[in-house]
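What follows is a short report on a single structure.
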2 protein chains.
Amino acid sequence: MVTIKDIAKKLNLSYSTVSRALNSSTLVNEKTMKLIQEEAKKMGYTPNALARGLVLKKSGIIGMIIPDITNPFFPALARGAEDAAVKRGYNLLICNTDWNIKLETRHLKLIEERKVDGFVLSSINVENRYLEKLVERDYPLVFVSRIYPGILANFVGTDTEHGGYLAGKHLAELGHREMAFVGGKFKVGSVQGRYLGFLEALKEKGIEVRGDRVIEGEFTVESGYKMALQLLKRDRRVTGIFAANDLLAVGVMKAARELGYRIPTDISIVGYDDIFISSLPGIELTTVFQEKRKLGELAVNMLLDDIQGKENGKKSTKKIVLSPKLIVRKTTAPVRVTGNS
Amino acid sequence: MVTIKDIAKKLNLSYSTVSRALNSSTLVNEKTMKLIQEEAKKMGYTPNALARGLVLKKSGIIGMIIPDITNPFFPALARGAEDAAVKRGYNLLICNTDWNIKLETRHLKLIEERKVDGFVLSSINVENRYLEKLVERDYPLVFVSRIYPGILANFVGTDTEHGGYLAGKHLAELGHREMAFVGGKFKVGSVQGRYLGFLEALKEKGIEVRGDRVIEGEFTVESGYKMALQLLKRDRRVTGIFAANDLLAVGVMKAARELGYRIPTDISIVGYDDIFISSLPGIELTTVFQEKRKLGELAVNMLLDDIQGKENGKKSTKKIVLSPKLIVRKTTAPVRVTGNS
DNA sequence: TTGTACGCGTTATCAT
DNA sequence: ATGATAACGCGTACAA
């Protein structure tokens with residue numbers, strides 16, 4: 001491996017000059033600079049980010065903690081984050097936690113050792129003492145999409161309550177009155193928001209949701225399927241279902257079809273997130289859209305601003321909340337005028 | 001930041017002893033070791049991977065280059081890779097290239113500076129001089145899923161030719177004789193394999209594919225849609241279509257439906273990859289399955305074996321080729337006995 | 001078993 | 001404009 005020293009020797013110069021030249025410092029003769037840069041290229045010099053990081057106390061890497069890149073919500077998020085990071089000269093280290101706090105903590109510790117310059121996390125659903133310490137220690141960090149309950153930290157996300165509201169309003173305006181909510185774990189803050197917003201919209205129309213029509217499960221197709229199967233079997237009057245995310249909604253669709261429902265003629269279904277699959281032919285789910293990619297971008301930009309601002313002594317807690325948008329596709333329609341048994 | 005020195009001072013010991021204790025070296029008194037480890041924890045010591053990497057000439061990070069994590073094929077691959085990496089104490093740095101060689105090269109250079117201990121790449125479609133240099137320099141590296149043409153390097157992938165064969169055989173056995181191939185860029189080696197295998201299977205049944213029924217486009221739903229639309233409009237006799245991947249297949253499905261085809265009654269469609277969406281209710285695509293997650297795992301394990309083996313002076317070029325599997329779902333059926341106009 | 005001293009590759013602070 | 005030298009935090013050969 002060719003180092004700064006090697007090219008210094010070769011050119012009978014000192015390390016310092018070479019280092020400066022390579023960093024295009026102004027305080028070095030133009031000619032020697034060119035000389036050095038050419039020689040560097042010729043010798044195949046590659047800077048060593050480890051060494052640089054050691055002295056600069058920066059790694060140039062930021063860590064991204066997510067539950068599972070395999071879940072269709074996260075690739076777009078990660079992609080946005082990576083793009084923004086690269087654009088500013090950083091790289092992204094991705095860790096999957098499987099919604100497991102132990103794993104999350106382990107990853108946090110491990111990549112803190114790597115001296116990542118900051119974290120972007122979207123993994124939070126439950127208390128994590130180590131994470132709390134991290135923010136107490138003022139480690140640069142921003143929460144995306146899901147915020148840690150009761151903590152003051154940077155956040156980038158979508159107005160979930162408003163999103164839920166849009167879904168509820170849409171169904172209500174279509175004339176639905178018998179509605180259900182199929183949710184993931186309510187501990188995840190964003191689900192609560194969606195639910196609350198949903199209720200809010202219905203209330204405005206004088207509609208209430210019966211307690212037995214609010215179900216909780218996992219964030220998966222399978223779970224949505226099971227929940228809807230159980231719900232619709234015992235309760236044929238429901239005509240509108242709001243699912244906490246698109247995966248769930250797809251499961252609900254499957255269950256409804258199996259039970260002989262036509263979508264959207266007999267039943268309307270609204271999802272949340274507008275993940276990739278939702279617009280696919282054969283699915284075409286009405287859903288609440290949030291800008292996942294942009295969320296990722298905004299998050300790392302906020303993080304990087306923070307990191308670079310901190311050097312100038314600035315500190316702040318920022319928050320960006322994007323507005324969701326309703327996307328009407330083919331799983332919602334006006335309620336039928338004739339009731340069914 | 002608390003360092004080894006700090007805890008050495010506090011305990012009136014030398015750096016070395018502390019360093020050894022923290023690495024659980026055998027050549028240190030058990031008592032002092034415990035003492036040191038406890039003190040380290042108490043003081044909140046965190047090892048600095050940068051410094052360690054500098055002396056050990058290892059970063060503990062491996063780089064993964066893929067075209068686009070947003071493409072449903074890659075999350076599973078990345079996840080498998082990350083799991084395997086973490087299991088062996090490494091982390092994964094992910095870079096998206098958007099199938100752009102310039103970007104790929106830039107990423108390669110950049111993360112080489114980060115001293116990643118090796119690369120896993122799945123980005124290759126076209127000549128990249130810098131990449132060639134990398135393998136010439138013997139940089140630890142393994143290709144996943146797509147191999148670089150005409151280069152001797154580690155590889156983990158699926159037997160694409162056999163995969164294509166399975167698809168062709170399936171359609172042929174269902175009685176289809178008028179078939180088409182809807183492909184992505186043929187430059188991507190894996191597509192050629194799929195195509196060749198497909199042809200091979202048909203040939204065994206005495207079936208040929210007309211040249212105007214082989215179309216090339218992008219690897220997207222949209223592209224599949226357009227190609228199929230164009231094909232099926234001018235050629236109503238086709239009853240079986242093999243798409244080079246599932247995204248394309250979904251697009252084909254959409255086009256067929258729009259033109260009034262019932263699937264699979266009027267036309268059979270086979271995809272490739274079995275990505276997440278393909279099993280979804282409303283899609284249920286017959287496709288050729290490959291173990292994406294396992295591919296990722298195998299790749300980083302091979303890489304890590306290589307890295308750790310190299311220290312012992314071993315060198316080798318390994319190859320692992322998994323077998324694909326046909327998954328029959330609801331987009332294929334026996335050809336109708338009555339021909340249509 | 002423990003301590004001393006050097007080097008990893010780079011940047012930064014002094015001088016010159 | 002350039003050079004010498006000290007860090008950065010850690011591992012390790014060598015000495016004790």
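Just so you know, these numbers use all the heavy atoms, side chains as well, and skip hydrogens, waters and symmetry mates. In what follows, chains carry the letters A, B, and so on, assigned in the order in which the sequence lines appear, proteins first and then strands, with residues in each chain numbered from 1.
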Protein and nucleotides 3-6 of chain D: nitrogen or oxygen contacts under 3.5 angstrom:
residue : atom : partner : partner atom : Å
D:dG3   : OP2  : A:Ser14 : N            : 3.0
D:dG3   : OP2  : A:Ser14 : OG           : 3.1
D:dG3   : OP2  : A:Thr17 : OG1          : 2.5
D:dG3   : N7   : A:Arg20 : NH2          : 2.8
D:dG3   : O6   : A:Arg20 : NH1          : 3.2
D:dA4   : N7   : A:Ser16 : OG           : 3.1
D:dA4   : N6   : A:Ser16 : OG           : 2.9

* Asked: Listed by chain and number, what are the salt bridge (Lys or Arg N to Asp or Glu O under 4.0 Å) partners of B:Lys109, not counting sequence neighbours?
  -> none

* Asked: With sequence neighbours excluded, what pairs up with B:Glu30 under the salt bridge (Lys or Arg N to Asp or Glu O under 4.0 Å) test?
  -> none

* **Angle by which the axis turns from one end of the helix from C:dT1-D:dA16 to C:dT16-D:dA1 to the other, five pairs per end, to 10 degrees** => 40°

* What is the nucleic acid contact for B:Thr3, judged by heavy atoms within less than 4.0 Å: base, sugar-phosphate only, or nothing? -> sugar-phosphate

* Could you give the CG-to-C1' distance, from B:Asn23 to D:dT12, as a whole number of Å? -> 11 Å

* Residues in salt bridge (Lys or Arg N to Asp or Glu O under 4.0 Å) contact with A:Lys133, at least two apart in sequence or another chain -> none

Side-chain donor-acceptor pairs under 3.5 Å in residues 47-56 of chain A, sequence neighbours left out?
residue : atom : partner : partner atom : Å
A:Asn48 : OD1  : A:Leu50 : N            : 2.8
A:Asn48 : OD1  : A:Ala51 : N            : 3.2

* Structure fact -> When rounded to whole Å, the CD1 to P distance for the pair B:Ile7 and D:dG11 reads 12 Å

* Once you round it to whole Å, what is the distance between C1' of D:dA7 and CG of B:Asn48? -> 14 Å

* To do: Classify the nucleic acid contact of B:Val28 as base, sugar-phosphate or nothing, counting any heavy atom under 4.0 Å across all strands shown.
  => sugar-phosphate

* Asked: Which atom pair, heavy atoms only, marks the closest approach of A:Pro67 to A:Ser122?
  -> CD-O, 3.5 Å

* Judged by atom type as modelled, is there a donor-acceptor pair below 3.5 Å linking the side chain of A:Gln37 to the main-chain atoms of A:Ala21? -> yes

* Asked: Just by distance, do the side chain of B:Glu39 and the backbone of B:Leu11 share a donor-acceptor pair under 3.5 Å?
  -> no

* Hey, where on DNA chain C does chain A first and last touch, going 5' to 3'? Cut-off is any atom under 4.0 Å from a heavy atom. -> C:dG9 to C:dT13

* To do: Return each pair, listed once, that meets ring pair (Phe, Tyr, Trp, His ring centres under 6.0 Å) where at least one residue sits in residues 106-125 of chain A; pairs must be two or more places apart or across chains.
  => A:Phe119-A:Tyr139

* Answer with base, sugar-phosphate or nothing: what part of the nucleic acid does B:Lys5 contact at a heavy-atom distance below 4.0 Å? => nothing

* To do: Provide, to the nearest angstrom, the distance between the CG atom belonging to A:Leu56 and the P atom belonging to D:dA7.
  => 17 Å

* To do: Using the test salt bridge (Lys or Arg N to Asp or Glu O under 4.0 Å), find all partners of B:Glu112 that sit at least two apart in sequence or belong to another chain.
  => B:Arg137

* Can you tell if the side chain of B:Ile66 reaches within under 4.5 Å of the side chain of B:Thr97, non-hydrogen atoms only? -> no

* Asked: Does NZ in B:Lys319 sit with more than 12 non-hydrogen atoms of other residues, nucleotides or ligands closer than 6.0 Å?
  -> yes

* Can you list every salt bridge (Lys or Arg N to Asp or Glu O under 4.0 Å) pair that touches residues 87-108 of chain B, not counting sequence neighbours? -> A:Arg79-B:Asp98, B:Arg88-B:Asp305

Could you list the donor-acceptor pairs under 3.5 angstrom formed by side chains in residues 140-150 of chain B, with sequence neighbours left out?
residue  : atom : partner  : partner atom : Å
B:Tyr148 : OH   : B:Asn128 : N            : 2.7
B:Tyr148 : OH   : B:Glu132 : OE2          : 2.7

* Measure from CG on B:Leu54 to P on D:dT12 and round the result to the nearest Å. => 13 Å

* To do: Name every residue in residues 29-43 of chain B that has at least one heavy atom under 4.0 Å from any atom of DNA chain C, in order of residue number, or write none if there are no such residues.
  => B:Asn29, B:Thr32

